[in-house]
Amino acid sequence: MVIKPQKTKFQIYIVDNVKTLNLWANNPWRKYSLALIVFFIGYFFGSSLGMISAVFELMDPISALVSVIFIEVLIKLRRSFSFNKNQKFLTLLIDFLRIGLFYGFFTEGLKLL
């Protein structure tokens, strides 16, 4: 006999809200506006990390390690969500976050030249 585990607060707040967000984003305008917001959040974090590491010249290897680890985690999440057809919206958000991070790193790299 298999006992179904109870729902934790994390599952109620996060997982169920992602499902609600997916239902809310059926409208293409909502979907792409939320994706654009996530892109700008990724750009903000990418450019902020570049500026912080440029000011404290000692943190360049650490910030590079943190950014590579974060991007690799996003790639692993994308691979796990790409097999599930119901998680296309979450895959879209992860992709836009990654593109925003890359774009932020790229523009900060151009500023430092």
Side-chain angles (χ1 to χ4, degrees):
M1 183 168 112
V2 177
I3 298 173
K4 185 177 178 182
Q6 67 182 16
K7 285 190 172 188
T8 61
K9 282 189 177 186
F10 175 78
Q11 189 175 9
I12 292 169
Y13 290 137
I14 303 299
V15 176
D16 291 342
N17 284 338
V18 170
K19 289 178 185 175
T20 306
L21 188 65
N22 195 10
L23 290 174
W24 176 78
N26 280 337
N27 186 347
W29 284 103
R30 290 179 185 168
K31 182 187 303 183
Y32 291 120
S33 65
L34 190 60
L36 190 64
I37 290 169
V38 169
F39 171 78
F40 286 133
I41 288 171
Y43 177 76
F44 172 73
F45 284 129
S47 63
S48 298
L49 188 61
M51 282 188 281
I52 290 170
S53 68
V55 170
F56 300 118
E57 293 174 354
L58 300 173
M59 289 183 54
D60 286 341
I62 295 170
S63 62
L65 178 70
V66 168
S67 62
V68 167
I69 288 173
F70 187 67
I71 289 172
E72 288 294 324
V73 166
L74 287 176
I75 289 170
K76 293 290 183 187
L77 281 175
R78 188 195 190 288
R79 285 184 186 162
S80 67
F81 290 138
S82 65
F83 294 120
N84 192 354
K85 299 296 182 191
N86 297 331
Q87 300 290 335
K88 282 187 176 182
F89 180 64
L90 198 54
T91 305
L92 177 79
L93 291 181
I94 289 172
D95 286 341
F96 270 79
L97 182 65
R98 269 191 13 228
I99 292 169
L101 281 170
F102 282 136
Y103 190 63
F105 292 149
F106 183 72
T107 54
E108 283 301 313
L110 288 178
K111 287 180 193 176
L112 296 176
L113 289 177

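For this chain, numbers begin at 1 and follow the sequence in order. Here the structure is a predicted model, which means the values were calculated and not measured.
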If you measure from CD1 on Ile69 to CG on Leu74, what distance do you get to the nearest 0.5 Å?
12.5 Å
To the nearest 0.5 angstrom, please state how far the CG atom of Leu90 sits from the CG atom of Asp95.
10.0 Å
How many angstroms lie between CG in Leu93 and NZ in Lys88, if you round to the nearest 0.5 Å?
14.5 Å
Interatomic spacing from CD1 in Ile71 to CG in Leu97 - rounded to 0.5 Å
9.0 Å
Validation: residues 32-50 side-chain donor-acceptor distances under 3.5 Å, sequence neighbours left out:
| residue | atom | partner | partner atom | Å |
| --- | --- | --- | --- | --- |
| Ser33 | OG | Trp29 | O | 2.9 |
| Ser33 | OG | Arg30 | O | 3.0 |
| Tyr43 | OH | Thr107 | OG1 | 3.4 |
| Ser47 | OG | Tyr43 | O | 3.0 |
| Ser47 | OG | Phe44 | O | 3.1 |
| Ser48 | OG | Phe44 | O | 2.7 |

